[in-house]
Amino acid sequence: MERIKDYLFLHLSVMMFSFTSVFSKLASRELNAGGLKNPMLYVFGFLMFFVCFLYAFCWQKIIKKFDLNIGYANRSVYLLWSQLWAVMIFGEQLSGKNIIGLMIVMAGVVVVSLSAPKEEEKGGEML
């Protein structure tokens, strides 16, 4: 059960980080609409950096609970979240190549996660 919580926290952290691309695109739109004088440009810029800060904090906490190869492989789920936000928030269309690419990435995450050595605790030590 603890492992499920760790994976959930990892994926929620990655999902949170994926909002940097949303705020970046919104900031870009505000820059194009009103230039550097547009206050919403700075709001979205701040939100982008704030999410990066929160993610860095969460990443430092969660990476202690995983092997690096597992943590970094699962971090690539960022691509899935980014595509989801692009469709849901910005109304973009996914191409067949996007979908195939996402399936390959997800298959890689599953393979790396399933091939991780099983951790067994005996007397507080991992074997």
Side-chain angles (χ1 to χ4, degrees):
M1 186 65 173
E2 186 68 26
R3 201 66 176 158
I4 293 172
K5 286 183 191 176
D6 292 341
Y7 271 103
L8 183 62
F9 184 59
L10 172 66
H11 284 270
L12 286 174
S13 298
V14 171
M15 182 185 73
M16 176 184 58
F17 180 66
S18 70
F19 277 100
T20 58
S21 62
V22 172
F23 294 136
S24 174
K25 186 164 186 165
L26 290 171
S28 175
R29 284 183 172 181
E30 295 299 324
L31 178 66
N32 290 336
L36 292 174
K37 294 179 182 177
N38 191 340
M40 290 305 293
L41 167 68
Y42 300 102
V43 169
F44 291 129
F46 170 78
L47 288 172
M48 190 172 58
F49 285 111
F50 183 70
V51 167
C52 286
F53 169 77
L54 285 178
Y55 173 73
F57 179 76
C58 292
W59 180 253
Q60 293 303 315
K61 293 289 185 190
I62 197 66
I63 199 63
K64 294 175 184 176
K65 299 181 181 204
F66 292 98
D67 288 336
L68 281 178
N69 58 338
I70 302 299
Y72 278 103
N74 279 272
R75 210 170 85 166
S76 62
V77 174
Y78 166 85
L79 297 170
L80 174 70
W81 288 113
S82 296
Q83 291 298 312
L84 183 67
W85 304 144
V87 170
M88 289 177 53
I89 297 172
F90 299 110
E92 296 180 8
Q93 298 292 320
L94 287 180
S95 70
K97 290 179 183 179
N98 291 121
I99 294 169
I100 291 170
L102 287 172
M103 289 173 30
I104 291 170
V105 168
M106 293 305 115
V109 169
V110 169
V111 167
V112 170
S113 294
L114 292 178
S115 67
K118 301 295 179 203
E119 297 174 3
E120 295 180 31
E121 288 195 25
K122 199 172 206 176
E125 294 183 26
M126 295 214 204
L127 299 176

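All values derive from a computational prediction rather than experimental measurement. One is the number of the first residue; the rest follow in order along the sequence.
The hydrophobic cluster containing L36, built from Ile/Leu/Val/Met/Phe/Trp/Tyr side-chain heavy atoms closer than 4.5 Å, also comprises L31, L41, Y42.
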Evaluate side chain to side chain contact (heavy atoms under 4.5 Å, CB included) for D6 paired with F9, printing each intermediate quantity in order.
-> CA-CA 5 Å; D6 292 341; F9 184 59; 5.9 Å; no
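Evaluation of the salt bridge (Lys or Arg N to Asp or Glu O under 4.0 Å) test over residues 27-43, restricted to residues two or more places apart or in two chains, returns none. The stretch residues 16-26 participates, sequence neighbours left out, in these salt bridge (Lys or Arg N to Asp or Glu O under 4.0 Å) pairs: K25-E92. Counting only residues at least two apart or in different chains, side-chain hydrogen bond (donor to acceptor under 3.5 Å, both in side chains) contacts with residues 94-109 comprise S95-N98. The list of salt bridge (Lys or Arg N to Asp or Glu O under 4.0 Å) pairs with a residue in residues 41-57, not counting sequence neighbours, is empty.
Cluster membership check: F23 shares its hydrophobic cluster with F49, using side-chain heavy-atom separations under 4.5 Å among Ile, Leu, Val, Met, Phe, Trp and Tyr. The hydrophobic cluster containing V110 does not contain I4, counting ILVMFWY residues as joined when their side-chain heavy atoms lie under 4.5 angstrom apart, directly or transitively. Using a 4.5 Å cut-off between side-chain heavy atoms of Ile, Leu, Val, Met, Phe, Trp and Tyr, with links allowed through other members, I89 and V14 fall into the same hydrophobic cluster. Under a hydrophobic-cluster definition in which Ile, Leu, Val, Met, Phe, Trp and Tyr are linked whenever side-chain heavy atoms come within less than 4.5 Å, directly or via other members, V22 and F50 are assigned to the same cluster. Placement of I100 and V111 in two distinct hydrophobic clusters is found when ILVMFWY residues are connected by side-chain heavy-atom separations under 4.5 Å, directly or transitively.
Formation of a donor-acceptor pair under 3.5 Å by the N38 side chain with backbone atoms of M40 is found in this model. Remark: the backbone N or O of S21 is not paired with any side-chain donor or acceptor of S24 at under 3.5 angstrom.
Judged as a ring-ring contact (aromatic ring centres under 6.0 Å, His included), and not counting sequence neighbours, the contacts of Y72 are W59. Not counting sequence neighbours, Q83 has no partner by the side chain to side chain donor-acceptor pair (under 3.5 Å) test. For F57, the ring-ring contact (aromatic ring centres under 6.0 Å, His included) criterion is met by no residue, not counting sequence neighbours. Residues passing the ring-ring contact (aromatic ring centres under 6.0 Å, His included) test with F19, sequence neighbours excluded: W85. In terms of the side chain to side chain contact (heavy atoms under 4.5 Å, CB included) criterion, Q93 has no residue partners (sequence neighbours excluded). Residues that satisfy the ring-ring contact (aromatic ring centres under 6.0 Å, His included) test with Y7, not counting sequence neighbours, are F66.
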Sequence neighbours left out, cut at 3.5 Å: what donor-acceptor pairs do the side chains of residues 73-81 make with other protein atoms?
residue	atom	partner	partner atom	Å
N74	OD1	H11	NE2	2.9
N74	ND2	I70	O	2.8
N74	ND2	S113	OG	3.2
S76	OG	A73	O	2.6

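Taking each heavy atom of A27 and G45 in turn, the nearest pair found is CB-N, 4.4 Å. What you find for R3 and K65 is that their closest heavy atoms are NH1-O, 2.8 Å.
Counting heavy atoms from C-beta outward, L12 and M16 have side chains that stay 4.5 Å or more apart.
Between M48 atom CE and T20 atom OG1 the span is 7.5 Å, to the nearest 0.5 Å. S13 contributes atom OG, which lies 10.5 Å from atom CD1 of I63 (distance to the nearest 0.5 angstrom).
Heavy-atom contacts from other residues, nucleotides or ligands closer than 6.0 Å to CZ of F90 number more than 12.
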